[in-house]
Participant: 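After the C-alpha cells below, expect a handful of questions from me.
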Number of protein chains: 2
Amino acid sequence: MENKKILLSEKEIPTHWYNIVANMPNKPLPPLNPATKEPIGPEALAPLFPMALIMQEVSQDKWVEIPEEVRDVYKHWRPTPMYRAYALEKALDTPAKIYYKYEGVSPSGSHKPNTAVAQAYYNREEGVKRIVTETGAGQWGSALSFACEKFGLECEVFMVKISYHQKPYRKVMMNTWGAKVHASPTDLTEAGRKILAEDPDSPGSLGIAISEAVEVAAQDEGTKYALGSVLNHVLMHQTVIGQEAILQMEKAGDMPDIVVAPFGGGSNFAGISFPFLRLNFEEGKNIRCIASEPASCPKLTRGQFRYDFGDTVGMTPLLPMYTLGHNFVPAPIHAGGLRYHGAGAIVSQLLNDELIEARAHNQLECFEAGLLFARTEGIIPAPETTHAIATAVSEAKRCKEEGKSETILIHLCGHGYLDLAAYDDYLSGKLVEHEITQEEIHESLSKLDTPLI
Amino acid sequence: MENKKILLSEKEIPTHWYNIVANMPNKPLPPLNPATKEPIGPEALAPLFPMALIMQEVSQDKWVEIPEEVRDVYKHWRPTPMYRAYALEKALDTPAKIYYKYEGVSPSGSHKPNTAVAQAYYNREEGVKRIVTETGAGQWGSALSFACEKFGLECEVFMVKISYHQKPYRKVMMNTWGAKVHASPTDLTEAGRKILAEDPDSPGSLGIAISEAVEVAAQDEGTKYALGSVLNHVLMHQTVIGQEAILQMEKAGDMPDIVVAPFGGGSNFAGISFPFLRLNFEEGKNIRCIASEPASCPKLTRGQFRYDFGDTVGMTPLLPMYTLGHNFVPAPIHAGGLRYHGAGAIVSQLLNDELIEARAHNQLECFEAGLLFARTEGIIPAPETTHAIATAVSEAKRCKEEGKSETILIHLCGHGYLDLAAYDDYLSGKLVEHEITQEEIHESLSKLDTPLI
C-alpha cells in the first residue's frame, strides 16, 4: 500500500510570501484615477488600507517575510495536506497521476484565511480597531471573522442580502467568531439607502456591498477595509499554498505537468500556481497552469483585456483586467465565489502574455466531476472547487486517449459542507445551465467607456 | 514557537483493534433472550450481522487484526491530527496542558467512519449486497453511506423524520455518497405502517427507525443491518483513535492525566479511552477517563445498572446497561447523537467497577465551552463534542485553583459545520435548559420489568 497523504511539519510552513511581480517579463499595469486617467500612487489607498499592505500592493521584491505571529496562527491548519488521488485515477482508468492540495482544513473551510490572517495582523499593528468588508456566498466574510477574532479586532461584514437569507449557516459561522453581519443593502450607509430608495426589495449584489463597506471604512479613523481577492497583496499572501505544494511534490518524488485551480478574482489560482510559475521563470520548467472558470462568467476565456472598475457602482480605481464589464450580472450559479466580472491585474497580464491558460466549464459538468470526486476521494468539494476538478478530469481523459502518464495537481480550495443544497439540486435534476451568448458579452462590454490597453 | 500539531505518518495507522474485554477484571454480562431470560448465542444475531462481526462481538482476544483494505480506506483521513490547545489554555489562564485529538477530518466529519468502513468491509466479504441502518441527527447514516460507496454496497438509511426535515444537509450528504434515505416512520415496513396508522403525523424516533431497519434486514437474504454504537465490536473498531493518541502523546513527550470524551452509546468514549485504560491495566498508570453526557439525558450519572432493551419498541435482546429506561424520551437538545437512553455493556461494566468516571453538563454550559473553543482554537465543534470540552474546561479551572499542571486530552470527535443552527440558537439567546427531575427518572425506570443485575 502506498501513501495517500503527503504531509509537512510546521517547521515547513513558508517563511516568506512569493511576489511574482519580480519575475514577470511585463509588469502589471498600474491602477488609474477614474477622473484623470493618471496612475494613482499608494497614498490614494491610505484611507482604506494600512500602509504595510499598500506597500505590499506595489512591491517589486521577490520575497516578503511572513511575520512570526501570522505564521503562528497559520499553524492552526497549515501546512495543509496533499493527497494522491488513487481512487479518482482508478475510476477514470487514466495513466495520469492526480494529486490534490487541500485547503478545506482551515477553520472556515477554504484558502481565504491565508490572507485574512495576514490582513488582520497588519491592521492591528497599525492600531486599527475594526475591519469592514463585503461577502457574497460568505467564504471571505467567515475567514476574516476568524482572523479578526484571533487579533482582537472588531469585524463587520456586509453580506449580499440574497445570500444572507439563502446561506444562513455562513452568517452564523461569522457570528460564532464574533463578527457583526448586515444584510446588504442596509440603511446604515448612504450607498445602501440610495439603493433601498430605488428598490426596497433589492436582493443586493457584491458591488453594492463593496460600496457600503468602503463608505463605512472611509468615514472612521480606526476602521479599515479588506478585500479577499483581486489585489496584488491578497494574491501574494496565498502563495504559501503553492510553496508547500512544491515541497510536497518533491517529497512524493514527482512534479506536476499541469496545475489547475478555480478562478474567481485570482487569489485561489495565484496561491497554488505562482510558485510553480516561478520554477518556469527561474528553472526553465514548463508547468502548465490552468485557471478554471464558469462558462456562464467567462472573463478569462471570452472577456476583454482593458481598464475597468473593480466594483459595480464604479467607486474603485480603474484596474487593468480581463473583464466582462463591471455591469455584467453573472448568472445565479451555485459557485458564488466565481461570480465576479473581472480578473486581478497580475493574472490578467500573465494570461495576456500567454504564460497561463484558462478553461471554462458549464455547471453540470462541474457537479458531475464534483460528485465523482466525493464518491472516490471522500471529500465533498465546494461548488467553486468542482471547476478545477472538471478541468483535471478532462486532462486525465486526454492523457488516457494519448497514452500519456502526465502529473496533474488540483487546488482543492474548499469543502462543500455548507453548500450541500447545491448538490441536492444537482442530484434531483433541478440544476439548469446558464448559456451566455456572444451578443450579451458584446453588449456588456460596449457600455464601457474606460481606457483600452 | 512551539508546534501546535502532532502528526503521524500513514505507516503509524494501527494494525490491530484493541479489545478491552481481554483486560477487564469483570467481563461484560451477556445479552439475554427477552422471552427466556437466557443468554443468547452468536447464532441469534446471524440474520442481522455478518459472522465476522458477530465473532468480534463475543471475542475475548486482546488484539484483532485490521484488514489491509480497511486500513487503506482509513488512509483517506487517518491518522487524524492531535493539537496542543495553546490558545484555549491561554484564554483559561490555566497551568493545565490541554491537547485534543480531532476526528472531524473524516469525510463525514466525525469518528463514525472508523467502524462504518470496517462493517461495510466484512459485509462485502460475506457477499452482502445491501446494508440497512437507522440514523438520528445523521452522523452515523452519512458515515455508513460513505463506507458502502467505498465497498460497492447499496446503503439504505431510515432517518428519524423530524431530523430528516430539520437537517436536510445530512440527507444530501448521504445522497451524495449514493445512499437511499427514508423519513421514518415510512409505509415501507410493517413497523412503520403500524406507527403511521396510530399517528399519521409521527415525528419518528430512533427506536422506530431501528425497528424499520431491522425488519428490512431480517426479511432479505442479501441485506444486513448495521449499528453505529453500543455494541462491543463497534466500540472496538473505534480504538484506532486512542492508539494513535498514545503515539502522539509520546511524541509530544507527555501523557494525559485525564482523557475526556462525549458519551452517547459509548463508541466515541471507548475509541479514545480504552487504549489509555489498557495502560492503566497493564502498566499501572492512573489515567482518569471521563465520559461527558448531557444533564438532560444522564444515564451514567443518574441511571440504573440493569438489563434493558437497546431500542424503544423492545425488539432487541436485553442488554446489561446503565439506563434511564427504554421508554425514556430525551429532551430535544441539539446534541442529537447523545440522546440515547442507555450505555453499551462494556462501558456500563467499567463504570460499575469504578474504572471510569462520568460527568453531566447542561446545554448552556456546553455551548459556552464550544464557543470559547471556536474563538480560540478556530474549529467549531459539534454540539455533541462540546460536552467533552465543558468537562475539560472545568478540570482546567480546577487545575488553576489547585495550582496543578495536569495534562488533559479532549476527544474532539466532530465538527459543527452542519450544526450551525444550534450555535445560532445559543448566540441569539433562544437555547433553553431541559431540567430533569428525580421523579421523572424514577417513573421511567419503574416501568421496566427487565432483570436487575
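Below, chain A is the first sequence line, B the second, and so on; all start at residue 1.
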Participant: Count the heavy-atom pairs under 4.5 Å between each of A/Lys150, A/Arg375, A/Glu149 and chain B, then report the option with the highest count.
Facilitator: A/Arg375
Participant: With distance as the sole criterion, is a donor-acceptor pair present between the side chains of B/Tyr100 and B/Glu377 under 3.5 Å?
Facilitator: yes
Participant: With only heavy atoms counted, which part of B/Ser108 is less than 4.5 Å from chain A, the side chain, the backbone, both or neither?
Facilitator: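 Contact with chain A: backbone only.
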Participant: Which word best sums up how the rings of A/Tyr74 and A/Trp17 line up, parallel for under 30°, tilted for 30 to 60°, or perpendicular for over 60°?
Facilitator: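 Judged by the thresholds at 30° and 60°, the geometry between A/Tyr74 and A/Trp17 is perpendicular.
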Participant: Which atoms of A/Ile380 come close to chain B, meaning under 4.5 Å heavy atom to heavy atom: side chain ones, backbone ones, both, or neither?
Facilitator: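 The answer is the side chain of A/Ile380.
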Participant: Select, from B/Leu427, B/Thr176, B/Ile379, B/Thr376, the one with the greatest count of heavy-atom pairs under 4.5 Å involving chain A.
Facilitator: B/Thr176
Participant: How long is the gap from CG on A/Asn114 to NE2 on A/His111, to the nearest 0.5 Å?
Facilitator: 8.0 Å
Participant: Counting only heavy atoms closer than 4.5 Å, note whether B/Leu372 contacts chain A via side chain, backbone, both or neither.
Facilitator: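 No part of it gets close to chain A.
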Participant: Check whether B/Leu7 gets within reach of chain A through its side chain, its backbone, both or neither, counting any heavy atom under 4.5 Å.
Facilitator: side chain
Participant: Kindly give the heavy-atom pair with the smallest separation between B/Cys413 and B/Thr385, and that separation in Å.
Facilitator: SG-OG1, 3.2 Å
Participant: Quick one: SG on A/Cys366 to CD on A/Glu368, what's the gap to the nearest 0.5 Å?
Facilitator: 10.0 Å
Participant: Counting heavy-atom pairs under 4.5 Å to chain B, which of A/Gly378, A/Ala87, A/Pro168, A/Ala374 comes out on top?
Facilitator: A/Gly378
Participant: Does any backbone or side-chain atom of A/Arg84 lie under 4.5 Å from a heavy atom of chain B? Answer side chain, backbone, both or neither.
Facilitator: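 Nothing of A/Arg84, per the 4.5 Å heavy-atom cut-off to chain B.
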Participant: Under 4.5 Å from any heavy atom of chain B, what part of A/Ser145 do you find: side chain, backbone, both or neither?
Facilitator: neither
Participant: Mark yes or no for whether B/Gln363, through its side chain, and B/His334, through its backbone, hold a donor-acceptor pair below 3.5 Å.
Facilitator: yes
Participant: Under a plain distance cut-off of 3.5 Å, with no hydrogens placed, do A/His411 and A/Glu103 share a side-chain donor-acceptor pair?
Facilitator: no
Participant: Quick one: which of A/Lys11, A/Arg170, A/Lys171, A/Arg78 has the most heavy-atom pairs under 4.5 Å with chain B, could you say?
Facilitator: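 With the most close heavy-atom pairs to chain B, the winner is A/Arg78.
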Participant: Working to the nearest 0.5 Å, report the span between NZ of A/Lys97 and CG of A/Asp254.
Facilitator: 3.5 Å
Participant: Who wins among A/Asp419, A/Leu418, A/Val73 for the most heavy-atom pairs under 4.5 Å with chain B?
Facilitator: A/Leu418
Participant: Just verifying a value: how many Å separate B/Asn3 CG and A/Ile13 CD1, rounded to the nearest 0.5 Å?
Facilitator: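 The CG atom of B/Asn3 sits 8.5 Å away from the CD1 atom of A/Ile13.
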Participant: Please look at A/Tyr83 and chain B and tell me whether the side chain, the backbone, both or neither of the residue comes under 4.5 angstrom of a heavy atom of that chain.
Facilitator: side chain
Participant: Is it the side chain or the backbone of B/Ser106 that comes within 4.5 Å of chain A heavy atoms, both, or neither?
Facilitator: backbone
Participant: Under 4.5 Å from any heavy atom of chain A, what part of B/Phe146 do you find: side chain, backbone, both or neither?
Facilitator: side chain
